[in-house]
*Asks:* 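Would you mind keeping the following structure in view while I ask a few things?
Just so we're clear, the structure is a prediction, and the values are computed from it rather than from any experiment. Chain A is the first sequence line, chain B the second, and so forth, proteins listed ahead of strands; every chain is numbered from 1.
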2 protein chains.
Amino acid sequence: MDQKIIFSEVQCTKHINAVEDALYVLGGKWKLRIIIALFSGYTRFNELQRRINGISARVLSNELKQLELNGLLKRVVQADQTPVVVEYLATEYAATLKDVVGALADWGQKHKKKITITDNV
Amino acid sequence: MDQKIIFSEVQCTKHINAVEDALYVLGGKWKLRIIIALFSGYTRFNELQRRINGISARVLSNELKQLELNGLLKRVVQADQTPVVVEYLATEYAATLKDVVGALADWGQKHKKKITITDNV
DNA sequence: CCGCATCCTCAACGATACTG
DNA sequence: CAGTATCGTTGAGGATGCGG
């Protein structure tokens with residue numbers, strides 16, 4: 001029951017730095033949620049905004065820009081239509097986040113179950 | 001390459017909610033870093049502060065409290081010593097975060113490699 | 001060594017309105 | 001539909017100092 005050392009001392013800083021790098025890209029309230037929505041096939045701006053509960057247009061716009069800068073999505077404009085259609089598509093690179101999202105979602109689900117049972121008011 | 005739909009439409013909201021729950025506990029700048037340090041066997045307050053670059057005592061104190069509230073660590077006081085020794089130990093429950101931390105650290109490492117190669121700027 | 005109290009700053013986020 | 005502009009808020013986090 002006591003403490004189990006999962007990471008060796010040497011790996012500690014390494015892990016912290018790696019997580020830091022990941023958080024730099026994925027941190028904040030919305031990035032991961034947006035990525036999940038993209039993974040689910042939602043591509044249009046308003047579609048995303050509707051799907052992601054509580055996000056404002058301004059914030060969504062900003063986040064999308066950052067995600068594009070980091071190569072996680074591609075902004076595609078279909079200029080040959082009226083009105084102009086803009087699509088946000090997850091890149092191949094974003095697919096490498098599948099494990100991260102999976103692990104996090106998995107844990108979140110278990111955790112919710114736990115606190116529901118524990119029921120600490 | 002185009003878009004691959006990784007999550008079904010039905011699972012989208014479910015995933016987003018689960019990630020939301022996880023982020024509620026793990027969100028912010030420090031929680032995961034602290035957990036990594038705990039995993040690595042650092043147990044003392046100042047030890048943690050030294051190991052986690054840039055965190056202030058106030059913030060560390062707050063984060064530790066929250067992590068304890070969420071059952072991820074246990075605050076143990078050795079009262080029979082002078083001065084009093086306080087230890088923070090990761091709980092069994094915290095060990096369930098191993099996959100999350102692993103996935104994130106893994107991705108962070110790959111990402112760093114990528115942006116180093118891409119060398120934007 | 002442990003960690004709280006105080007005060008402060010800043011950036012992220014929110015709300016609303018408006019344009020092409 | 002796809003955003004931008006503007007303004008306001010809030011809370012996480014930083015700095016410092018003190019007390020047990």
*Asks:* Would you mind reading off the distance between Asn53(A) atom CG and dA15(C) atom P, rounded to a whole angstrom?
*Replies:*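 Value for this atom pair: 11 Å.
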
*Asks:* Specify the separation, in whole Å, of atom CD1 of Ile34(B) and atom P of dG3(C).
*Replies:*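 Distance check: Ile34(B) CD1 to dG3(C) P gives 13 Å.
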
*Asks:* Report yes if the side chains of Ser40(B) and Ile36(B) come closer than 4.5 Å at any heavy-atom pair, otherwise no.
*Replies:*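 Ser40(B) reaches Ile36(B) side chain to side chain.
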
*Asks:* I'd like to compare against my own output: the B/S/- annotation of nucleotides 9-20 of chain D with a strict under-4.0 Å heavy-atom distance to protein.
*Replies:* ----BBB-----

*Asks:* Lys14(A): what forms a salt bridge (charged side-chain N to carboxylate O under 4.0 Å, His left out) with it, not counting sequence neighbours?
*Replies:*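 If we apply the salt bridge (charged side-chain N to carboxylate O under 4.0 Å, His left out) test to Lys14(A), skipping adjacent residues, there are no hits.
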
*Asks:* Would you tell me if any nitrogen or oxygen in the side chain of Arg44(A) comes within less than 4.0 Å of OP1 or OP2 on dG3(D)?
*Replies:*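 No, Arg44(A) has no side-chain N/O under 4.0 Å of OP1/OP2 on dG3(D).
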
*Asks:* Start with the C-alpha distance between Tyr93(B) and His111(A), add both sets of side-chain angles, then the distance that settles side chain to side chain donor-acceptor pair (under 3.5 Å), and finish with yes or no.
*Replies:* CA-CA 10 Å; Tyr93(B) 185 53; His111(A) 181 70; 2.5 Å; yes

*Asks:* Using a cut-off of strictly less than 4.0 Å, decide whether Tyr88(A) has a side-chain nitrogen or oxygen near OP1 or OP2 of dC1(D).
*Replies:*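 Checking Tyr88(A) against dC1(D): no side-chain N or O falls below 4.0 Å of OP1 or OP2.
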
*Asks:* Which heavy atom of Leu60(B) sits nearest to which heavy atom of Phe45(B), and what is that distance?
*Replies:*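 For Leu60(B) and Phe45(B), the tightest heavy-atom pair comes out as CD2-O, 3.5 Å.
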
*Asks:* In terms of side-chain geometry, is the basic nitrogen of Glu20(B) or Arg33(A) positioned less than 4.0 Å from the acidic oxygen of its partner?
*Replies:*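 Arg33(A) and Glu20(B): salt-bridged.
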
*Asks:* I need the CD-P distance between Gln49(A) and dT16(C), as an integer number of Å.
*Replies:*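 That distance rounds to 13 Å.
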
*Asks:* OG1/Thr91(B) to CG/Leu67(B) distance, rounded to the nearest 0.5 angstrom?
*Replies:*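 It is 9.5 Å, given to the nearest 0.5 Å.
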
*Asks:* Where the side chain of Asp106(B) meets the backbone of Gly102(B), is there a donor-acceptor pair that is under 3.5 Å apart?
*Replies:*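 No; judged by distance alone, with no hydrogens or angles, the pair does not exist.
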
*Asks:* Wobble G-U and Watson-Crick pairs count when both distances are under 3.5 Å; given that, what is the 5' to 3' dot-bracket string of DNA chain D, with | for pairing to other strands?
*Replies:* ||||||||||||||||||.|

*Asks:* Are there more than 12 heavy atoms of other residues, nucleotides or ligands under 6.0 Å from atom CG of Asn46(A)?
*Replies:*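 Above 12, so yes.
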
